[in-house]
Amino acid sequence: MESLERALILRGKKEFKKSNQLLMDLAKQNPEDAVIQYQCAWSLDILGLEVKAVPHYEAALKLGLPDEDAKGAYLGLGSTYRTIGEYEKSNGHWKRGWQSFLRIGLYWYSGPCHFIIWADMI
């Protein structure tokens, strides 16, 4: 998966647009690859294209991700929904992530405010 590695290297160098272009192409060519869908969603989020990121996060979670990526996808999708004002959907995805990975704690205060506590950090 040389192209995926290249896209991640570009992202690491903060060449976000180039990385995103490569990931968008990979996502079209590999619609059943959960990791590519997740990385594509992440790249769209970085560019402030949250609405476009949603279907890629959802596809990645539906297709099945390795645990570490799934944690990031639940957190990313929940955060993206919060950013675009979809608070109920945001809360639902964070709860699903919390239920799937008990190391994630979610606390809601007023409105969109949230705190995530990773038990590994405590």
Side-chain angles (χ1 to χ4, degrees):
M1 194 66 48
E2 186 176 306
S3 297
L4 178 58
E5 289 176 34
R6 176 78 179 128
L8 299 180
I9 288 169
L10 288 168
R11 183 168 64 207
K13 292 180 179 181
K14 300 193 184 317
E15 295 185 41
F16 302 131
K17 287 185 180 181
K18 288 181 183 177
S19 175
N20 175 260
Q21 289 171 347
L22 186 51
L23 286 163
M24 292 294 290
D25 289 343
L26 286 170
K28 286 178 187 171
Q29 295 167 12
N30 303 282
E32 300 299 316
D33 189 311
V35 172
I36 290 174
Q37 296 300 321
Y38 169 55
Q39 293 297 333
C40 185
W42 186 349
S43 76
L44 289 160
D45 263 348
I46 289 171
L47 294 173
L49 302 171
E50 288 88 356
V51 173
K52 291 183 178 183
V54 169
H56 294 282
Y57 277 127
E58 289 178 342
L61 288 167
K62 183 178 178 183
L63 291 166
L65 287 164
D67 283 354
E68 285 304 310
D69 287 340
K71 290 176 195 176
Y74 277 115
L75 182 61
L77 182 55
S79 179
T80 295
Y81 273 134
R82 180 187 50 81
T83 299
I84 62 176
E86 296 280 352
Y87 303 120
E88 291 298 317
K89 289 181 181 179
S90 173
N91 190 25
H93 282 284
W94 276 332
K95 282 182 180 178
R96 273 190 223 79
W98 178 69
Q99 291 167 348
S100 298
F101 304 99
L102 296 177
R103 290 188 267 163
I104 301 174
L106 173 63
Y107 299 90
W108 276 90
Y109 291 97
S110 61
C113 296
H114 67 279
F115 294 91
I116 303 291
I117 298 175
W118 296 90
D120 290 351
M121 300 169 98
I122 297 174

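Side chains included, hydrogens not; waters and symmetry mates left out as well; all remaining heavy atoms used.
From Trp42, atom CH2 reaches atom OH of Tyr57 across 8.0 Å, with rounding to the nearest 0.5 Å. The SG atom of Cys40 lies 9.0 Å from the NZ atom of Lys28; values are rounded to the nearest 0.5 Å. Expressed to the nearest 0.5 Å, how far CG of Leu22 lies from CG of Leu26 amounts to 5.0 Å. Atom-to-atom distance recorded for Leu61:CG and Tyr38:OH is 9.5 Å, nearest 0.5 angstrom. The distance from the CG atom of Asn20 to the NZ atom of Lys52 is 9.0 Å, given to the nearest 0.5 Å. If you take OG on Ser79 and CG on Asp45, they are separated by 7.0 Å, rounding to the nearest 0.5 Å.
The cluster map of Ile, Leu, Val, Met, Phe, Trp and Tyr, joined by side-chain heavy atoms under 4.5 Å apart, puts Val54 and Leu49 in the same cluster. Taken together through direct or relayed side-chain contacts under 4.5 Å among Ile, Leu, Val, Met, Phe, Trp and Tyr, Leu47 and Tyr81 form part of one hydrophobic cluster.
Closest approach of Leu23 to Ser43, counting heavy atoms only: CD1-CB, 3.6 Å. Across Ala60 and Ala34, no two heavy atoms sit closer than the pair CB-O, 3.4 Å.
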**Request:** Given side-chain contact (heavy atoms from CB on, under 4.5 Å), test Gln39 with Arg11 step by step and report yes or no.
**Result:** CA-CA 10 Å; Gln39 293 297 333; Arg11 183 168 64 207; 2.4 Å; yes

**Asked** Stepwise, does the side-chain contact (heavy atoms from CB on, under 4.5 Å) test hold for Leu44 with Met24?
**Response** CA-CA 9 Å; Leu44 289 160; Met24 292 294 290; 4.0 Å; yes

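A donor-acceptor pair under 3.5 Å links the side-chain atoms of Gln37 to the main chain of Ala27, judged by distance alone. Checked by atom type and distance alone, the side chain of Asp33 pairs as donor or acceptor with a backbone atom of Ile36 at under 3.5 Å. Side chain of Ser19 to main chain of Glu15: no donor-acceptor pair is present (N/O by atom type, distance under 3.5 Å, no hydrogens or angles).
Using a 4.5 Å heavy-atom threshold, the side chains of Pro66 and Val35 count as touching. With contacts defined as side-chain heavy-atom distances shorter than 4.5 Å, the pair Asp25/Gln29 qualifies.
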